[in-house]
Amino acid sequence: MSGMKVSEPYARIYAVVKRIPAGRVATYGQVAALAGLAGAARQVGYALNATPRGIRIPWQRVVNAQGTVSRRADPDDEIRQRRLLEAEGVRFDPRGRIPLDRYRWKPRGTPRAEDDLF
DNA sequence: GCAATGACGCTCT
DNA sequence: CAGAGCGCCATTG
């Protein structure tokens, strides 16, 4: 076993990301809130970047609030993330954006904005 | 323990 | 609608 112990906040973040179904995406802020760390969106990205080797989580399903793949030090990772998502059926528009209205993950129990219209 | 870092978000221009 | 600026907060050196 690795001697690296994951901090509680990170463990909760990983737990939330693991729940995101294939073909859906969640924003950093959304994951933070669901992990009980509202306002700590940056830490989500930081945590994913520091994901220990060995544990596999669908990190590609986390995007920014604009529905785009966040800029990364290594541009190759941006391409890799986009391809993984497209392989799951997530469509990008011509400007490289994912329509969050359509692909955002809505956890069971979360009130939908559309329902307020009825 | 303080200062810098970072796969972010919201607001104002 | 795109870009710039400031705020946030856990982890690291």
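Proteins come first, then strands; the chains are lettered A, B, ... in the order of their sequence lines, and each starts at number 1. Only heavy atoms go into these numbers, but all of them, side chains included; no hydrogens, no water, no symmetry mates.
If you take CZ of Arg12(A) and P of dC9(C), they are 14 Å apart, rounded to a whole angstrom. Remark: C1' of dC8(C) and CD of Gln43(A) are 7 Å apart, rounded to the nearest angstrom. Whole-Å rounding puts the Tyr28(A) OH to dC8(B) P distance at 5 Å. To the nearest angstrom, C1' of dA7(B) lies 11 Å from OH of Tyr10(A). Following rounding to the nearest Å, Arg71(A) (CZ) and dC8(B) (P) show an atom-to-atom distance of 11 Å. When rounded to the nearest whole Å, the span between CG of Leu37(A) and P of dA10(C) equals 7 Å. Atom pair Ile13(A):CD1 and dC9(C):P shows a separation of 13 Å (rounding to whole Å applied). Taking atom CZ on Arg97(A) and atom P on dA2(C), their separation rounds to 7 Å, with Å as the unit.
One donor-acceptor pair, N or O on each side, does fall under 3.5 Å between the base of dG7(C) and the side chain of Arg42(A). You won't find any donor-acceptor pair under 3.5 Å spanning the side chain of Tyr46(A) and the base of dA10(C), going by distance alone. Side chain Gln66(A) to base dG9(B): no donor-acceptor pair is found below 3.5 Å.
Heavy atoms of other residues, nucleotides or ligands lying less than 6.0 angstrom from CD of Gln66(A) number 12 at most.
Nearest heavy-atom pair across Arg91(A) and Pro99(A) is O-CD, 3.5 Å.
A sub-4.0 Å separation between OP1 or OP2 of dC8(B) and a side-chain N or O of Thr27(A) is absent.
Judged by a 6.0 Å distance limit and a 45° cone about the ring axis, Arg82(A) is positioned over the six-membered ring of Phe92(A).
Between the side chains of Arg80(A) and Gln60(A), not a single donor N or O lies within less than 3.5 Å of an accepting N or O.
Checking Ala50(A) against Gly39(A), the closest nucleotide of DNA chain C that is more toward the 5' end is the one next to Gly39(A). Nearest-nucleotide positions on DNA chain C place Arg95(A) closer to the 5' end than the other of Glu8(A) and Arg95(A).
Here dT11(C) is the nucleotide among dA7(B), dT11(C), dC9(C) with the atom lying nearest to any side-chain atom of Pro9(A). Counting only heavy atoms from C-beta on, Asn49(A) has its side chain closest to dA7(B) among dA10(C), dA7(B), dC10(B).
In this structure, NZ on Lys18(A) lies 7.5 Å from CD1 on Ile57(A), to the nearest 0.5 angstrom.
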